[in-house]
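Here is the structure we will look at, set down as structure tokens.
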Amino acid sequence: MNPTGLISTWDLLQEFGFMPDASVGFSDVMPGLSFDFGNFKLKASCVMNLHFVEVVMFTGYVTTPRTMTELLFELPRQVESREQCAAWIAWNLKGDVPKHEPDWLKEGRLHFNLLPWERRRAAYEARPHCSVSRKWARLALDTLATHLTTVPDAALVEFVFDGAVLTIRCEGKVVALPGDGSSWQHTYLIRAEKLRHLPQRLMRDPLEVSVFDGALTLENRRYEGVIPV
């Protein structure tokens, strides 16, 4: 059993019906594979990409009486599931209509949500965030900046939003300001040393306060090291 839980992309391609094809150029695994969609052939080879990462590279040409479109994309050597592999191929072929569309490709079109960039987009849209007026934000940040000059670097600054009020706490000092948005599931902590350089000018109104990828964002500044509790 694979301890990572990942599945070989190459094995899945053969399950999908990709066949050995001696016309495929260089490949770490020989022969390469191809799938005939009727109006174009998609070839697959195991290679190292320009970033020195081992991938499965897909190539081909879709031709019509007036146009010729080159296909060139890659997948990691291992994927999370059969559905993700099919979705990855389907996403790259979404501008091209195969004459023969196999069931696995149709299934892949239903699972774009499994693709890494779609997951990241969904996670970003669901990130904890709220909007506060520039006037209130300026007052709150000025108050916080003054207080931060009196606390040690290791002091924890707490950010929490209940759906109506954004509350910032640090070493007994509380700053609260009204905000709009959905309540946050967690309280977020960040060390005082990370916030030594708060925004001096606020260009947006309202200002967004958000947490994503372990960082707090204020205006256009990111502060790394956020911990959810």
Should [X] and [Y] count as side-chain neighbours, where that means a heavy-atom distance under 4.5 Å?
X: T217; Y: F212; result: no
X: K194; Y: L216; result: no
X: F159; Y: I190; result: yes
X: L105; Y: P98; result: yes
X: R221; Y: H197; result: yes
X: V62; Y: L71; result: yes

I need the minimum non-hydrogen distance between [X] and [Y], along with the two atoms involved.
X: P178; Y: V132; result: O-CG1, 3.4 Å
X: R82; Y: E15; result: NH1-OE1, 3.3 Å
X: V165; Y: A176; result: CG1-CB, 3.9 Å
X: S81; Y: L114; result: OG-CD1, 4.1 Å
X: P116; Y: Q84; result: CD-NE2, 4.2 Å
X: A192; Y: V157; result: CA-CG2, 4.0 Å

Test ring pair (Phe, Tyr, Trp, His ring centres under 6.0 Å) on F58 and F73; report intermediate values, then the result.
CA-CA 5 Å; F58 293 82; F73 60 93; 4.8 Å; yes
Give the cluster check for [X] versus [Y]: same hydrophobic cluster or not, with ILVMFWY residues linked at side-chain heavy-atom distances below 4.5 Å.
X: F112; Y: L110; value: no
X: V29; Y: F26; value: no
X: M68; Y: L93; value: no
X: L166; Y: V174; value: no
X: V226; Y: Y124; value: no

Just by distance, do the side chain of [X] and the backbone of [Y] share a donor-acceptor pair under 3.5 Å?
X: R77; Y: V55; value: yes
X: W104; Y: F16; value: yes
X: S45; Y: V47; value: no
X: S133; Y: W136; value: yes
X: R138; Y: Q200; value: yes
X: N92; Y: W88; value: yes
X: Y223; Y: R196; value: no
X: W184; Y: H129; value: yes

Which pairs with one or both residues in [range] pass salt bridge (Lys or Arg N to Asp or Glu O under 4.0 Å), sequence neighbours excluded?
range: residues 33-46; answer: D21-K41
range: residues 206-215; answer: R120-D213, R127-E208
range: residues 161-186; answer: E158-R169

Show your working on side-chain contact (heavy atoms from CB on, under 4.5 Å) between L198 and L218 and close with a plain yes or no.
CA-CA 8 Å; L198 292 169; L218 301 171; 3.9 Å; yes
Show, in sequence, the C-alpha distance, side-chain angles and deciding distance for L156 and R191, and conclude whether the side-chain contact (heavy atoms from CB on, under 4.5 Å) test is met.
CA-CA 5 Å; L156 294 176; R191 288 166 60 97; 4.1 Å; yes
Nearest-0.5 Å distance, [atom1] of residue [X] to [atom2] of residue [Y]:
X: F161; Y: L177; atom1: CZ; atom2: CG; value: 9.0 Å
X: L33; Y: L42; atom1: CG; atom2: CG; value: 10.5 Å
X: L141; Y: E219; atom1: CG; atom2: CD; value: 9.5 Å
X: L189; Y: C170; atom1: CG; atom2: SG; value: 10.5 Å
X: C85; Y: L115; atom1: SG; atom2: CG; value: 10.5 Å
X: T143; Y: H147; atom1: OG1; atom2: NE2; value: 10.5 Å

For F37 and F35, I'd like to know if the aromatic rings sit close, meaning centre-to-centre distance below 6.0 Å.
yes
Evaluate the criterion side-chain contact (heavy atoms from CB on, under 4.5 Å) for residue pair L12 and V79; output intermediate values, then yes/no.
CA-CA 9 Å; L12 286 174; V79 292; 3.6 Å; yes
Could you check whether atom CD of Q185 has more than 12 heavy atoms from other residues, nucleotides or ligands sitting under 6.0 Å from it?
no
How about M30: does its CE atom have over 12 heavy atoms from other parts shown lying under 6.0 Å from it?
yes
Ionic contact status for E107 with R109, cut-off 4.0 Å
no
Scan side-chain atoms only and decide if N113 and E118 contain a donor-acceptor pair under the 3.5 Å cut-off.
no
List the steps and the verdict of side-chain contact (heavy atoms from CB on, under 4.5 Å) for V209 and L207.
CA-CA 7 Å; V209 180; L207 172 114; 3.8 Å; yes
